[in-house]
Amino acid sequence: MEATRFRRFFGALLTLLGIAVLLFACVAFLSEKPVLGMTVTKWESVVPFLVGSVFLLTGVNLVSRS
C-alpha cells in the first residue's frame, strides 16, 4: 500500500516539475530577454523542452499505473 502512495506522490511531483520546465522552455523560446536571469538562445531552449517532456510523460505514466 505504501508503494502505491509513493508512486502517486512521485508521479505527481514529476508531472508538476515537467509542466514547470515546459513552461520555462516555451517562455525562453519566445522571449529575447533573459529568463530567470539566464540568457537562453532558441536552440538551447530545446534541451529544457525535451527534459520537461520526459518528466511530464514519466509522471503521468506513474500516476496512471498506480
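Note that the coordinates shown come from a computational prediction; the quantities given were computed from them, not determined experimentally.
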Engineer: What are the two closest non-hydrogen atoms of V63 and R8, and how far apart are they?
Structural biologist: CG2-O, 4.0 Å

Engineer: Measure across T15 and V60 and return the closest heavy-atom pair with its distance rounded to 0.1 Å.
Structural biologist: OG1-N, 3.4 Å

Engineer: Flag the pair V40 / F24 as yes when at least one side-chain heavy-atom distance between them is below 4.5 Å, and no otherwise.
Structural biologist: yes

Engineer: How long is the gap from CG on L56 to CG on L16, to the nearest 0.5 Å?
Structural biologist: 9.5 Å

Engineer: Quick one: do L23 and I19 satisfy side chain to side chain contact (heavy atoms under 4.5 Å, CB included)? Show the steps, please.
Structural biologist: CA-CA 6 Å; L23 285 174; I19 290 171; 4.2 Å; yes

Engineer: Please find the pair of heavy atoms, one from S45 and one from A25, that lie closest to each other, and give the distance.
Structural biologist: O-CB, 3.8 Å

Engineer: Of the non-hydrogen atoms in E44 and T39, which two are nearest, and what is the gap between them?
Structural biologist: OE1-O, 3.8 Å

Engineer: Between L22 and G52, what is the shortest heavy-atom contact and its length?
Structural biologist: CG-C, 3.9 Å

Engineer: Cluster question for you: counting only ILVMFWY and a side-chain heavy-atom cut-off of under 4.5 Å, with indirect links fine, are V21 and V27 together?
Structural biologist: no

Engineer: Among the clusters formed by ILVMFWY side chains lying less than 4.5 Å apart, do V47 and L36 turn up in the same one?
Structural biologist: no

Engineer: Would the number of heavy atoms belonging to other residues, nucleotides or ligands and lying under 6.0 Å from NZ of K33 be above 12?
Structural biologist: no

Engineer: Rounded to the nearest 0.5 Å, what separates atom CG in L62 from atom CZ in F9?
Structural biologist: 12.5 Å

Engineer: Does S31 reach the main-chain N or O of A28 with its side chain, forming a donor-acceptor pair under 3.5 Å?
Structural biologist: no

Engineer: Could you check whether any side-chain N or O of T58 sits under 3.5 Å from a backbone N or O of F55, counting only pairs where one atom can act as donor and the other as acceptor?
Structural biologist: no

Engineer: Distance check, rounded to the nearest 0.5 Å: K42 atom NZ versus L30 atom CG?
Structural biologist: 6.5 Å

